[in-house]
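All remarks here apply to the structure that follows.
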Protein chains: 2
Amino acid sequence: MTSEKRGRPRRSSTRALEEAAAELFLEQGYSHTTVDDIASRAGVSRATFFNYFHNKSDVLWVDVDRALVYLSQSVMEASHLGRALELLAHDVAPQAVPLIASQFEAMEADLDLRGDGGQRVIQLAAIVAQAGVSPRDVWMVTGALVSAALEWSGAGVSRAALGNYLGEHLERIRSVVDAGSAASLF
Amino acid sequence: MTSEKRGRPRRSSTRALEEAAAELFLEQGYSHTTVDDIASRAGVSRATFFNYFHNKSDVLWVDVDRALVYLSQSVMEASHLGRALELLAHDVAPQAVPLIASQFEAMEADLDLRGDGGQRVIQLAAIVAQAGVSPRDVWMVTGALVSAALEWSGAGVSRAALGNYLGEHLERIRSVVDAGSAASLF
DNA sequence: CTATTTATTATACTGCGTCTAAATATTAGG
DNA sequence: CCTAATATTTAGACGCAGTATAATAAATAG
């Protein structure tokens with residue numbers, strides 16, 4: 001995905017494949033949709049799909065993964081999780097709820113997708129740890145963040161900004177985390 | 001897996017397959033070991049492997065899964081997460097650290113196994129929710145439990161009983177959870 | 001000895017993910 | 001214009017996971 005000016009132009013895009021996949025998942029369910037189906041609908045070959053995504057399920061988690069990458073980089077630079085989260089929340093529009101969150105059950109793939117979700121939770125925990133939160137607090141903080149994200153995505157169209165939920169849930173654990181963790185969080 | 005007295009006797013066992021798999025994973029790494037390899041070493045056919053496990057990775061998580069099933073049933077009966085955890089901890093010997101926990105990096109399968117771990121975390125969260133912990137506390141409690149389990153399994157051979165770690169980590173969040181959650185926890 | 005029960009096994013199939021090599025479409029520069 | 005360099009698409013083959021089915025084998029009950 002270098003895409004300067006030279007070379008054969010792209011025939012598709014992450015977005016296009018995302019949309020094709022979303023359509024099919026809603027029509028036929030996740031497990032009954034093959035990668036071939038997605039590629040076909042997007043007008044490219046199966047091989048090309050894998051130029052854009054590592055695997056079938058990633059197509060659903062694109063937004064979440066982008067957020068995690070952003071957060072990870074942001075933490076590396078700022079070394080302050082609280083600030084990194086503010087930056088992230090600021091960049092996420094209230095409408096931009098990941099597809100996976102808004103239309104989970106419609107895709108009838110609970111079991112298939114549970115593992116993928118858990119993978120992201122673990123990744124988040126790794127970022128929290130990287131941010132300098134003390135080991136014994138890592139999972140408590142991670143839990144608070146997951147909680148906030150779920151409440152945010154679960155709230156209807158009238159949801160507030162993501163930052164509000166994050167702030168609220170972190171505030172609740174402020175009094176019980178180590179001093180070191182607090183320093184990185186608030 | 002009914003196994004009364006009638007019918008053809010079993011040629012293998014979960015344990016035997018577990019051990020065969022563990023050997024191979026340590027020898028060759030997780031991703032370079034096929035289900036065929038495992039079955040062969042255990043002296044059965046590939047098809048038989050799937051009579052004992054749902055999939056390749058489950059073989060590493062048997063102990064964790066057993067604990068989760070136990071916990072889930074226990075919660076259904078007692079409707080009290082705290083008590084269910086005590087019962088669980090009481091039944092788990094200090095040496096019985098799941099294979100996956102003790103020999104994680106030796107298997108060179110970080111990425112492959114991360115998803116499986118996350119899956120269990122999500123399952124745990126579901127049990128916590130089922131136990132009547134209030135929704136906004138579910139992930140905080142889950143985080144505390146994961147934290148405890150990791151500290152327990154990460155401690156050397158001199159580790160204390162699992163119950164100690166669980167109690168300690170839950171105690172830390174006691175002051176910040178809802179009254180309803182506390183009722184189910186303590 | 002036969003019927004019943006349970007487990008093992010062979011076999012075939014779908015689909016994911018990987019890899020390689022070839023084909024295609026574009027730009028840069030002589 | 002033509003050629004080289006570059007970037008992307010694509011076909012095709014492969015290994016392996018996981019599912020399903022039907023046949024076979026080994027035990028017990030009566």
Side-chain angles (χ1 to χ4, degrees), chain A residues 1-18 20-21 24-25 27-62 65 107-116 119, chain B residues 1-18 20-21 24-25 27-62 65 107-116 119:
Chain A
M1 293 257 241
T2 333
S3 200
E4 303 303 310
K5 308 209 124 177
R6 270 220 275 277
R8 180 173 178 170
R10 295 185 171 281
R11 192 176 228 278
S12 187
S13 67
T14 343
R15 272 276 166 258
L17 284 163
E18 248 181 283
L24 287 162
F25 290 162
E27 285 173 24
Q28 322 173 346
Y30 179 83
S31 65
H32 293 98
T33 303
T34 69
V35 173
D36 245 322
D37 291 338
I38 302 172
S40 293
R41 177 156 309 193
V44 293
S45 77
R46 193 183 104 98
T48 298
F49 174 91
F50 288 107
N51 280 346
Y52 289 88
F53 296 97
H54 289 61
N55 52 54
K56 177 180 166 185
S57 63
D58 272 11
V59 80
L60 283 171
W61 295 90
V62 142
D65 288 337
M107 294 176 180
E108 307 170 348
D110 291 17
L111 275 170
D112 303 272
L113 299 182
R114 189 160 298 182
D116 300 307
Q119 210 171 324
Chain B
M1 293 258 243
T2 333
S3 200
E4 304 302 311
K5 307 211 124 178
R6 269 223 275 278
R8 180 171 178 172
R10 296 187 169 280
R11 193 177 228 279
S12 189
S13 66
T14 344
R15 272 275 166 258
L17 285 163
E18 248 182 283
L24 287 161
F25 290 162
E27 286 173 24
Q28 321 174 347
Y30 178 84
S31 65
H32 294 98
T33 303
T34 69
V35 173
D36 244 323
D37 291 338
I38 302 171
S40 293
R41 177 155 310 193
V44 294
S45 77
R46 192 184 107 98
T48 297
F49 175 91
F50 288 107
N51 280 346
Y52 290 89
F53 297 97
H54 289 65
N55 52 53
K56 178 179 165 185
S57 63
D58 272 12
V59 79
L60 283 171
W61 296 90
V62 185
D65 288 337
M107 294 175 178
E108 306 170 348
D110 291 17
L111 275 170
D112 303 271
L113 299 182
R114 189 158 298 182
D116 299 308
Q119 210 170 325

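As the structure is a prediction and not an experimental result, all values here were calculated from the model. Just so we're on the same page: letters track the sequence lines, and every chain starts at 1.
Between the CD1 atom of Ile38(B) and the OH atom of Tyr52(B) there is a distance of 14.5 Å, given to the nearest 0.5 Å. Separation of atoms OH (Tyr30(A)) and CG (Asp116(A)) is listed at 6.0 Å; rounding is to 0.5 Å. Interatomic distance, CZ of Phe49(A) versus CG of Leu17(A), reported as 6.5 Å (0.5 Å rounding). Rounding to the nearest 0.5 Å gives a distance of 5.0 Å between CZ of Phe25(A) and CG of Leu60(A). Atom OG1 of Thr34(A) is separated from atom CG of Leu24(A) by 8.5 Å, given to the nearest 0.5 angstrom.
Rounded to a whole Å, the CZ atom of Phe49(A) is 18 Å from the C1' atom of dA11(D). Atom OH in Tyr52(B) sits about 18 Å away from atom P in dG18(D), given to the nearest Å. Atom-to-atom, CZ of Phe53(B) to P of dA17(D) comes out at 15 Å; the value is rounded to the nearest Å. If you measure from atom CG of Asn51(A) to atom C1' of dA11(D), you get 13 Å, rounded to the nearest angstrom. Taking atom NZ on Lys56(B) and atom P on dG15(D), their separation rounds to 15 Å, with Å as the unit. Rounded to an integer number of Å, the gap from CG of Leu17(A) to P of dT8(D) is 14 Å.
An OP1 or OP2 oxygen of dT8(C) is reached within less than 4.0 angstrom by no side-chain nitrogen or oxygen of Ser45(B).
Arg15(B) is linked by a salt bridge (Lys or Arg N to Asp or Glu O under 4.0 Å) to Glu18(B), counting only residues two or more places apart in sequence or in another chain. Remark: Ser12(B) engages no residue in a side-chain hydrogen bond (donor to acceptor under 3.5 Å, both in side chains) (not counting sequence neighbours). Residues that satisfy the salt bridge (Lys or Arg N to Asp or Glu O under 4.0 Å) test with Arg114(B), not counting sequence neighbours, are absent from this structure.
Annotation: salt bridge (charged side-chain N to carboxylate O under 4.0 Å, His left out) contacts involving residues 27-40 of chain A, sequence neighbours excluded, comprise Glu27(A)-Arg41(A). Sorted by first and then second residue, the salt bridge (charged side-chain N to carboxylate O under 4.0 Å, His left out) pairs with a member in residues 44-58 of chain A read Asp58(A)-Arg120(A); sequence neighbours excluded.
Mapping Arg11(B) and Ser57(A) onto DNA chain C via the closest heavy atom, the residue that lands nearer the 5' end is Arg11(B).
Across all non-hydrogen atoms, the minimal contact from Phe53(A) to Thr14(A) is CZ-CG2, 3.2 Å.
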Worksheet entry | Reading 5' to 3' through nucleotides 18-30 of chain C, protein heavy-atom contacts under 4.0 Å coded B for base, S for sugar-phosphate only, - for none | B-----BBBBS--
Worksheet item: Once Watson-Crick and G-U wobble pairs under 3.5 Å are found, how is DNA chain C written in dot-bracket notation, 5' to 3', with | for any base paired to another strand?
Response: ||||||||||||||||||||||||||||||
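Annotation: proximity of residues 30-37 of chain B to DNA chain D (heavy atom, distance under 4.0 Å) is found for Thr33(B), Thr34(B), Val35(B), numbered in ascending order.
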